[in-house]
Number of protein chains: 2
Amino acid sequence: MERNGPVSVSRPTIRRLPTYFPIVEQARHEGQDWISSAQIATALGLESIQVRKDLAAIGVAGQPRLGYPVTQLMQAVERCLGWNNVTDAFVIGAGHLGSALAGYRGFERHGLNVVALFDNDPEKTGTKVHGKDILAMSKFPDLVRRMRVRIAILTVPDEVAEKVARRAVEAGIQAIWNFTAAQLAVPGEVIVERMDLAASLAVLSSRLVAQRARLERSDA
Amino acid sequence: MERNGPVSVSRPTIRRLPTYFPIVEQARHEGQDWISSAQIATALGLESIQVRKDLAAIGVAGQPRLGYPVTQLMQAVERCLGWNNVTDAFVIGAGHLGSALAGYRGFERHGLNVVALFDNDPEKTGTKVHGKDILAMSKFPDLVRRMRVRIAILTVPDEVAEKVARRAVEAGIQAIWNFTAAQLAVPGEVIVERMDLAASLAVLSSRLVAQRARLERSDA
DNA sequence: TAGATTGTTAATCGATTAACAATC
DNA sequence: TAGATTGTTAATCGATTAACAATC
């Protein structure tokens, strides 16, 4: 009988889960059948209580004295993140970034399979990158329907992102992984996850500004 | 006389600031001298009170009835994020991802200037990408010192990330923008900001899993 | 049994949101 | 003045952390 499924796993927990996996995998590789929350926590610089909370949230039960069963733990992470059943995706925009993502081997283990790339540049269409076809954007809607692809990875220039996203949604795309700086306005049922370069750089920059201010203060 | 400087601007605020900028810029472009928190908020799907809190945090004062002065607002964002004085950076790893980042024009406006790329592949070294030299990794330490570069953008394969990061820190790098999946162990004074592909994909995937579960439930 | 580790319940912390007085 | 908008103070919410009982 199936577990009722997690009510809802919080976003911070979801974001930490992928980092747990290689730690536990490594432990299994070294012959461990059990792993403690403290062992995971120290490997990642976290508190063990946070690891225990996260594991409780995804429905993994530990055993006092022993810790958590590594195989079950890994399966729970895979189930929660959908790593067990691979989902197809199209990359839109076959520039450097799109090509990098199309060639990233880590995605396969993370349940994502890039099937093909799409681009409007006739110089690129018809060629391949990392063994994957670059197709004309005009073929996109038809292929989304025929292959029942749900995910689009958006790596087009910022200026056209909004328009391309609209076309993708019209073609039936249900989730967009947005690598552009554009704020996409899409219907409520469409999932948009933004890979926010500017936000990440902002955090880095502000920390550098603070660091520099600290140094100047200690100079004076 | 200089303002005392923000005590500390929270991370969520820092991450939102870059999205405010183009909205305000656009308003100025259209001739507005003042912009209200509500105007910014609706453009981004936020609450106006959150915008006011953020602006207060970076030291912008508004005027009842009028809103916030657009020029001052933009300057405050630029100051807080260090967009006014451009910082040089080296990209380590001249693959597709590194090349994409080296060619991203948005960085200039965000205070980041990619000076050169480094790679170990002799096929790549000596060539250029987006007008920027790809140099042998052996030249990295010397150039960091001579050019006083503080930021390294890490786009090497995951397996070598740890080792390369160590070399970068030894060479004097003070901040690493980490695009690899590796957890970097660096001295406390070195800033590491991770661009976490796996975390972002995890959020996307879990939302897809939830969406699918919803659909199946409504089927039954 | 003794002791290590989980898991529960409560406390703390930080950020968001609400209410409303202050202000131009 | 009247009214729109800021900015302050308090309430809420969610996540992290702490304390400790339960358990093997």
Side-chain angles (χ1 to χ4, degrees), chain A residues 3 6-17 19-20 23-24 27 32-73 76-77 80 196 199 202-203 206-207 210, chain B residues 3 6-17 19-20 23-24 27 32-73 76-77 80 196 199 202-203 206-207 210:
Chain A
R3 182 184 292 98
V7 184
S8 166
V9 182
S10 81
R11 199 185 150 99
T13 296
I14 293 283
R15 290 182 63 92
R16 278 190 295 271
L17 289 179
T19 66
Y20 291 0
I23 309 293
V24 181
Q32 276 185 247
D33 288 331
W34 302 83
I35 189 168
S36 73
S37 58
Q39 187 180 347
I40 298 174
T42 47
L44 294 168
L46 304 173
E47 295 294 324
S48 67
I49 177 63
Q50 186 163 59
V51 175
R52 289 202 297 282
K53 287 278 184 189
D54 285 344
L55 297 184
I58 62 170
V60 198
Q63 286 221 358
R65 287 281 287 161
L66 294 172
Y68 296 84
V70 293
T71 310
Q72 279 182 47
L73 204 172
V77 172
C80 181
D196 201 337
V203 174
S206 69
R207 289 174 69 188
Chain B
R3 183 184 290 95
V7 185
S8 167
V9 183
S10 80
R11 197 185 151 98
T13 296
I14 293 283
R15 291 182 62 92
R16 277 189 296 270
L17 289 180
T19 66
Y20 291 0
I23 307 293
V24 181
Q32 276 184 248
D33 289 330
W34 301 84
I35 190 169
S36 72
S37 57
Q39 188 180 347
I40 297 174
T42 46
L44 294 167
L46 304 173
E47 296 293 325
S48 67
I49 176 64
Q50 185 162 60
V51 174
R52 289 202 297 280
K53 287 279 184 187
D54 286 345
L55 296 184
I58 63 170
V60 198
Q63 286 221 359
R65 287 280 291 161
L66 294 173
Y68 297 84
V70 294
T71 311
Q72 279 182 45
L73 204 172
V77 172
C80 180
D196 202 337
V203 173
S206 68
R207 290 173 71 190

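These numbers come from a predicted model, not from an experiment.
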Checklist entry - Taking B/Val77 as the fixed residue, which of B/Val60, B/Ile58, B/Val24 is the one that meets the side chain to side chain contact (heavy atoms under 4.5 Å, CB included) rule? => result B/Ile58
Item to check | Dot-bracket summary - DNA chain D, pairs being Watson-Crick or G-U whose distances fall under 3.5 Å, with | when paired to another strand | outcome: ..||||||||||||||||||||||
Nearest-Å distance, [atom1] ([X]) to [atom2] ([N])?
X       : N      : atom1 : atom2 : answer
A/Leu46 : D/dT16 : CG    : P     : 10 Å
A/Gln50 : C/dA11 : CD    : P     : 21 Å
B/Arg15 : C/dT16 : CZ    : P     : 12 Å
A/Ile40 : C/dT5  : CD1   : C1'   : 13 Å
B/Ile49 : C/dT17 : CD1   : P     : 10 Å
A/Leu73 : C/dT6  : CG    : P     : 11 Å
B/Arg11 : C/dA15 : CZ    : P     : 11 Å
A/Gln39 : C/dA4  : CD    : P     : 16 Å

Which part of the nucleic acid does [X] contact within heavy-atom distance under 4.0 Å: base, sugar-phosphate only, or nothing?
X       : result
B/Ala38 : nothing
A/Thr13 : nothing
B/Ser48 : nothing

Next on the checklist: From C-beta outward on A/Ser10, which listed nucleotide comes closest to its side chain: C/dT6, C/dA15, D/dA15?
Outcome noted: D/dA15
Next on the checklist: What's the closest nucleotide to the side chain of A/Ser36 if the choices are C/dT6, D/dG7, D/dA18?
Outcome noted: C/dT6
Out of curiosity, [X] [atom1] to [Y] [atom2], how far, rounded to the nearest 0.5 Å?
X        : Y       : atom1 : atom2 : result
B/Arg16  : B/Leu44 : CZ    : CG    : 10.0 Å
B/Leu73  : B/Ile35 : CG    : CD1   : 7.5 Å
A/Gln50  : A/Ser37 : CD    : OG    : 11.0 Å
B/Ser36  : B/Arg52 : OG    : CZ    : 9.5 Å
A/Asp196 : B/Thr19 : CG    : OG1   : 8.0 Å

When you check the phosphate oxygens OP1 and OP2 of [N], does a side-chain N or O of [X] lie under 4.0 Å from one of them?
X       : N      : value
A/Arg52 : C/dG7  : no
A/Ser37 : C/dT6  : yes
B/Arg16 : C/dA15 : no

Next on the checklist: Please evaluate residues B/Cys80 and B/Val9 with respect to the criterion side chain to side chain contact (heavy atoms under 4.5 Å, CB included), reporting the C-alpha separation (whole Å), side-chain torsions for both, the decisive distance (0.1 Å), and the verdict.
Outcome noted: CA-CA 9 Å; B/Cys80 180; B/Val9 183; 4.3 Å; yes
Item to check | B/Leu55 side chain near B/Tyr20 side chain, heavy-atom distance below 4.5 Å | outcome: yes
Next on the checklist: Testing the basics here: between B/Pro69 and B/Ala61, what is the closest heavy-atom pair and its distance to 0.1 Å?
Outcome noted: CD-O, 3.6 Å
Item to check | Non-neighbouring partners of A/Arg207 that pass side-chain hydrogen bond (donor to acceptor under 3.5 Å, both in side chains), sequence neighbours left out | outcome: none
Checklist entry - What residues in residues 62-71 of chain B put a non-hydrogen atom under 4.0 Å from any atom of DNA chain D? => result B/Gly62, B/Gln63, B/Pro64, B/Arg65, B/Gly67, B/Tyr68
